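Presented below is the structure to which this report refers.
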Amino acid sequence: MVKYNPKKIEAKWQEKWFNSSVFKAKNGSKKKKFYAMVEFPYPSGDGLHVGHCRSYTALDIIARKKRMQGFNVLYPMGWDAFGLPTENYAIKKGVHPSVVTKKNVEYFKEQMQRMGWSFDWSREIDTTDPKYYKWTQWIFIQLFKNGLAYKSKININWCPSCLIGLANEEVVNGNCERCGTKVEKREKEQWMIKITNYADRLIRDLENVDYLEKIKTQQKDWIGESHGALVKFPIEGVEESIDVFTTRIDTIFSGTFLIVAPGSSFIDTHKSRIENIDEVLKYREEAKNVSDMDRTNQDKDVTGVQLKGILVRNPATNEEMPVWTADFVLEQYGTGAVFADAHDKRDFKMAKKYGIPLRTSIKPDDELLTQKVKNLEECFEGDGILYNSVQFDGMKSAQARPLIIAWLSSKGFAQPKISYKLRDWVFSRQHYWGEPIPMIFCKKCGWQSVFEKDLPVKLPNVKKYKPTDTGESPLSLIKNWVETECPKCGGPAQRETDTMPNWAGSNWYFLRYIDPKNSKKLVDESLAKYWLPVDWYNGGMEHTTLHLLYSRFIFKFLWDIKAVPLSIGSEPYKKRTSHGMVLGEGGIKMSKSKGNVINPDVIVKEYGADTLRIYEMFMGPFEQMIPWDTKGVVGCRRFVEKIYNLASQKTAAVKTEEGLKKILHKTVKKVAEDIELMKFNTSVSAMMEFVNEWSRVTGSRSAGQVSATGLDKKDLANFLIILSPFAPHLAEELWANAGLKEMCSLQKWPKYDEKLIEDQEVLLIVQINGKVRDKINAKAGLTQKEAEKIVMKSEKIKALIGEVEVKKIVFVPNKLINIVI
RNA sequence: GCCCGAGUGGUGGAAUGGUAUACACGAAGGACUUAAAAUCCUUUGAGGGAAACUUCAUGCGGGUUCGACUCCCGCCUCGGGCACCA
């Protein structure tokens with residue numbers, strides 16, 4: 001018998017697949033479409049990660065199964081190749097980033113093909129290809145033309161190590177998401193995208209998509225919608241008022257002072273009337289130097305300064321309130337001002353510290369606690385019952401809120417308002433290796449977009465792409481590129497030198513796979529109509545806030561401007577799932593510094609791609625984090641080899657053994673159902689059980705008389721088909737060896753026989769008072785009476801019941817009988 | 001602090017109201033071999049018993065039920081998300 005040699009088998013079938021059109025998605029097909037997508041990788045120098053393998057194998061299984069079920073499947077792959085690691089590597093080694101990218105892409109592609117994933121390589125895309133980023137730039141111009149891209153001088157998060165501005169989303173606990181350096185504040189003119197205009201739709205439309213509940217929650221949390229009211233506080237001595245956003249209007253009767261953010265324009269507007277303006281401005285400067293991390297530190301002592309000479313009036317109580325500034329009030333949220341009262345811990349703490357008067361107006365249900373609250377010994381923040389609130393006394397918080405808004409609204413002091421935590425998206429980066437922002441600044445005409453016919457604005461090929469210490473993009477040093485003509489007046493003008501963030505290329509890539517070579521349009525309308533939306537999108541949990549949000553937003557925008565057909569709806573992904581991370585052995589994260597990174601190449605070389613594919617599916621529940629275990633790989637290799645040996649026995653075709661046939665049909669059913677639910681681990685174990693039985697049956701026969709496979713040709717074919725999404729090379733090889741026609745990958749997915757699966761005989765569990773006391777083999781479909789009769793004959797049961805009275809008998813057909821005594 | 005998810009053998013895990021520990025790894029013993037590797041066979045939750053068998057066990061404490069890993073209530077631990085958000 002020939003020994004199982006994955007190296008030979010796998011190379012052979014990969015060549016056959018990729019030199020033919022078996023996995024090519026067909027435009028203009030009458031078949032139903034299925035668009036399966038995985039997050040395209042960033043082609044780093046490290047090569048493919050075993051985490052990529054988990055995600056790509058899972059959707060490969062789904063794509064292969066759908067193909068066999070008669071769908072026209074699109075399962076594409078590409079490269080998200082702009083980004084810092086490539087740039088940093090290029091700087092260090094003195095090679096151009098495009099050269100580095102090309103090398104990395106080649107390596108990744110080679111690795112991917114060795115895994116046997118059924119990608120349609122004819123649709124490969126690369127975000128750094130000018131033919132691709134032409135359209136990334138085109139999208140930016142549309143955003144600009146529609147008033148959603150604007151330039152603004154803002155305090156940006158600056159990473160002093162990467163020398164780059166970061167979006168709020170890229171700051172994790174006050175540190176740079178990429179390198180972990182503490183983020184600083186810098187004031188800079190930046191391109192901003194008005195994603196906030198879409199906040200409500202980005203929440204609302206989640207109802208129409210099939211995402212994991214966890215992912216929907218994350219999206220909602222990130223957008224941070226809160227319902228409340230905008231309340232006007234009239235300013236004493238002038239005909240003006242200040243707006244405050246609140247979700248707790250029920251506490252307004254206890255509002256005794258007002259706090260504005262240190263950076264609030266309120267301070268500038270009323271500068272002349274603030275008696276201690278120097279002190280206030282000094283506090284503002286100090287607040288600027290406090291990082292967001294410290295500003296949001298709960299244990300920090302509260303600080304603040306009163307704006308002396310300024311008083312406002314509480315529209316509910318008509319009492320005068322002093323105005324303070326404190327750094328815990330943030331400029332960016334709500335209106336940058338709050339009314340303060342005894343029912344907020346921070347306000348409470350501040351009032352106690354500076355001796356500001358407090359009053360309470362909400363009491364909890366508890367008498368003892370109420371006394372403490374009334375005596376200002378404790379701060380009560382929850383919903384409760386109103387008092388000190390005139391006509392609202394005795395009402396519950398939730399009940400009172402809409403009534404108070406209505407009452408104040410009738411007097412012209414309030415209106416309902418929804419506020420979001422989501423902020424506009426900082427879109428400028430001061431780096432070389434990104435898409436140039438296609439904008440031109442003219443002193444006379446202001447910011448103008450490049451003519452669409454002049455796209456793409458190519459990245460100039462230069463030697464110096466190192467970031468500058470000044471925070472300017474390295475492109476600013478290339479004079480003959482920067483200097484250009486104004487598209488409007490033709491006068492001298494300068495190009496924008498900042499580039500786009502890495503999200504820019506990845507937030508619309510699913511559109512380009514549909515029509516990757518179109519030079520006239522973003523995507524052909526009829527093709528988009530056929531292929532969109534993406535039916536199933538899988539990726540990492542780390543991309544379920546940012547990338548998913550950005551790409552949903554951009555798609556909605558493109559839908560609004562009719563760049564994609566209206567009929568497909570405004571959500572790009574019908575279904576989104578996420579895989580759990582693959583951890584290093586021992587449960588710690590894989591990292592180069594810990595030296596515990598598993599290279600898929602090494603595993604493929606030693607065990608074969610089919611083994612690696614099966615292991616990654618078998619290792620545990622798909623959505624769960626799981627530590628790598630090379631010993632577990634060995635078990636999967638044994639399984640693969642066992643199949644190879646069993647199927648390779650050259651014997652005359654026999655009739656499949658009855659019991660084995662039944663298990664095969666059950667396995668066909670289970671594997672099909674489990675794949676849809678991404679329960680790959682149990683599909684594999686079901687196949688293992690089948691193979692164990694197959695091996696047992698075959699073994700007993702060969703020991704006896706006729707040496708036989710125990711599976712006839714037709715049943716072997718069916719098993720190979722359900723195995724093929726998991727171990728495609730092995731399935732093809734055995735398919736060919738068995739003399740079956742065409743490729744296994746082109747077969748129809750098998751049906752199972754309902755009748756055959758039904759058990760003729762069942763194991764009836766006999767319980768007494770819920771404890772298992774006997775197991776009896778019985779005919780299937782027994783009635784309760786018949787079952788009782790059989791059970792009462794059992795010596796064991798008779799002995800256990802004895803003379804005691806039987807109170808009740810619970811009967812579950814074909815499963816169990818429970819005698820209660 | 002708030003919101004999700006999880007906790008089962010030595011290990012990864014299976015079972016979503018009905019035989020707890022499928023499948024796999026590891027370990028122990030055996031066969032084959034001069035030997036090792038590979039392969040095959042047997043055992044493998046814990047305790048008691050010569051055995052038939054029996055008691056206990058799904059993070060902890062209660063509850064519902066004929067019957068609970070599974071449902072409900074209260075805690076503990078771990079992981080993830082959000083966080084002076086007004």
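Letters A, B, ... mirror the listed sequences (proteins, then strands); counts begin at 1. No experiment lies behind these values; they were computed from the predicted model shown.
Across the C1' atoms, U55(B) and G63(B) are found 25 Å apart, a figure rounded to whole Å. For the C1' atoms, the distance from G61(B) to C76(B) is 10 Å, rounded to whole Å. Between A68(B) and C73(B), the two C1' atoms lie 15 Å apart (nearest whole Å). The C1' atoms of U54(B) and A31(B) are separated by 35 Å, rounded to the nearest whole Å. Straight-line distance between the C1' atoms of C25(B) and G13(B): roughly 11 Å, to the nearest whole Å. Going from the P atom of G45(B) to that of U39(B) covers 23 Å, rounded to whole Å. U11(B) sits 36 Å from U34(B) when the C1' atoms are compared, rounded to a whole Å. The P atoms of U16(B) and G10(B) are separated by 24 Å, rounded to the nearest whole Å.
Side chain Gln767(A) to base G18(B): a donor-acceptor pair is found below 3.5 Å. Put simply, the side chain of Asp221(A) and the base of C82(B) share no donor and acceptor less than 3.5 Å apart.
We find that CD of Glu331(A) is positioned 13 Å from C1' of C85(B), with the value rounded to whole Å. Atom CG of Asp674(A) and atom P of A22(B) are 18 Å apart (whole Å). In this structure, Leu816(A) places its CG atom 14 Å from C1' of A20(B), rounding to the nearest Å. Straight-line distance from the CZ atom of Arg248(A) to the C1' atom of C2(B): 14 Å, rounded to whole Å. Atom pair Met625(A):CE and G5(B):P shows a separation of 16 Å (rounding to whole Å applied). Rounded to a whole Å, the CD1 atom of Ile765(A) is 21 Å from the P atom of C66(B). As rounded to whole Å, 14 Å separates atom P of C82(B) from atom CD1 of Ile215(A). The CG atom of Asn777(A) sits 13 Å away from the C1' atom of U19(B) (whole-angstrom rounding).
Side chain of His227(A) to main chain of Lys417(A): no donor-acceptor pair is present (N/O by atom type, distance under 3.5 Å, no hydrogens or angles). No donor-acceptor pair closer than 3.5 Å links the side chain of His343(A) to the backbone N or O of Ser254(A). Judged by distance alone, the side chain of Arg423(A) and the main-chain N or O of Tyr333(A) form no donor-acceptor pair under 3.5 Å. With hydrogens and angles ignored, the 3.5 Å screen pairs no side-chain donor or acceptor of Gln219(A) with any backbone N or O of Leu202(A).
Here the options are Ile614(A), Val640(A), Thr630(A), Leu612(A), the test is side chain to side chain contact (heavy atoms under 4.5 Å, CB included), and the partner is Tyr607(A); only Thr630(A) passes.
In this entry the base of G67(B) is anti relative to its sugar, with a glycosidic angle more than 90° from 0.
The stretch residues 628-635 of chain A touches RNA chain B through Lys631(A), Gly635(A), each having a heavy atom within less than 4.0 Å of the strand.
Relative ring orientation between Tyr615(A) and Trp628(A) is described as perpendicular, the plane-to-plane angle rising above 60° on a 0-90° scale split at 30° and 60°. Taking the six-membered ring for Trp and thresholds of 30 and 60 degrees, His543(A) and His547(A) have ring planes more than 60 degrees apart, a perpendicular arrangement. In this pair, Tyr4(A) and Tyr644(A) present their aromatic rings tilted. The plane angle is within the 30 to 60° band. In this pair, Phe339(A) and Phe233(A) present their aromatic rings tilted. The plane angle is within the 30 to 60° band.
Nearest heavy atom pair, residue Val260(A) against residue Ala337(A), reads CG1-CB, 3.9 Å.
Toward the 5' end of RNA chain B, the nearer of the two residues Val244(A) and Val772(A), judged by each one's closest nucleotide, is Val772(A). Between Gln218(A) and Ala686(A), the residue anchored closer to the 5' end of RNA chain B is Ala686(A), taking for each the nucleotide with the nearest heavy atom.
Other residues, nucleotides and ligands contribute more than 12 heavy atoms inside 6.0 Å of the NZ atom of Lys353(A).
Residue Lys771(A) is in sugar-phosphate contact alone, with no base atom involved, counting any heavy-atom pair closer than 4.0 Å across all strands shown. The residue Ile626(A) sits close only to the backbone: its heavy atoms come under 4.0 Å of sugar-phosphate atoms, none of a base. Heavy atoms of Val338(A) sit under 4.0 angstrom from at least one base atom. Among the atoms of the strands shown, only primed sugar atoms or phosphate atoms (P, OP1, OP2) are found under 4.0 Å from some heavy atom of Asn692(A). Backbone-only engagement by Lys679(A) is indicated by non-hydrogen atom pairs under 4.0 Å involving sugar-phosphate atoms exclusively. Nucleic acid contact for Lys815(A): sugar-phosphate only, since backbone atoms but no base atoms lie under 4.0 Å from a heavy atom of the residue.
A side-chain donor from one of Asn692(A) and Lys642(A) sits under 3.5 Å from a side-chain acceptor of the other.
Between Lys808(A) and C66(B) there is a side-chain polar atom (N or O) within less than 4.0 angstrom of OP1 or OP2. For G26(B), the OP1/OP2 oxygens have a side-chain nitrogen or oxygen of Arg638(A) closer than 4.0 Å. For the pair Arg423(A) and C85(B), the criterion of a side-chain N or O lying under 4.0 Å from OP1 or OP2 is not met. At the phosphate of G18(B), neither OP1 nor OP2 sits under 4.0 Å from any side-chain N or O atom of Asn814(A). Residue Gln624(A) has a polar side-chain atom (N or O) positioned under 4.0 Å from OP1 or OP2 of G13(B). Remark: Asn681(A) is not in phosphate contact with C23(B), judged by side-chain N or O atoms under 4.0 Å from OP1 or OP2. Here Lys417(A) does not reach the OP1 or OP2 of A86(B): none of its side-chain N or O atoms lies under 4.0 Å away. Note on Ser226(A): a side-chain N or O is less than 4.0 Å away from OP1 or OP2 of A86(B).
The side chain of Pro621(A) sits closest to G13(B) out of A86(B), C66(B), G13(B). Out of G18(B), C56(B), A86(B), the shortest distance to the side chain of Val812(A) is found at G18(B). Comparing atom distances between the Arg773(A) side chain and each of G18(B), G80(B), U55(B) picks out U55(B) as nearest. In this structure, the nucleotide among A86(B), C56(B), C82(B) sitting nearest to the side chain of Trp222(A) is C82(B). Of the candidates C82(B), A86(B), G67(B), G67(B) carries the atom nearest the Asn818(A) side chain, counting heavy atoms from C-beta on.
Not counting sequence neighbours, the partners of Arg346(A) by the salt bridge (charged side-chain N to carboxylate O under 4.0 Å, His left out) test are Asp344(A).
Taken together, the paired segments of RNA chain B that extend over three or more consecutive Watson-Crick or G-U pairs, each closer than 3.5 Å at both contacts, are B:1-7 with B:76-82, B:10-12 with B:23-25, B:26-31 with B:39-44, B:45-48 with B:53-56, B:59-63 with B:71-75.
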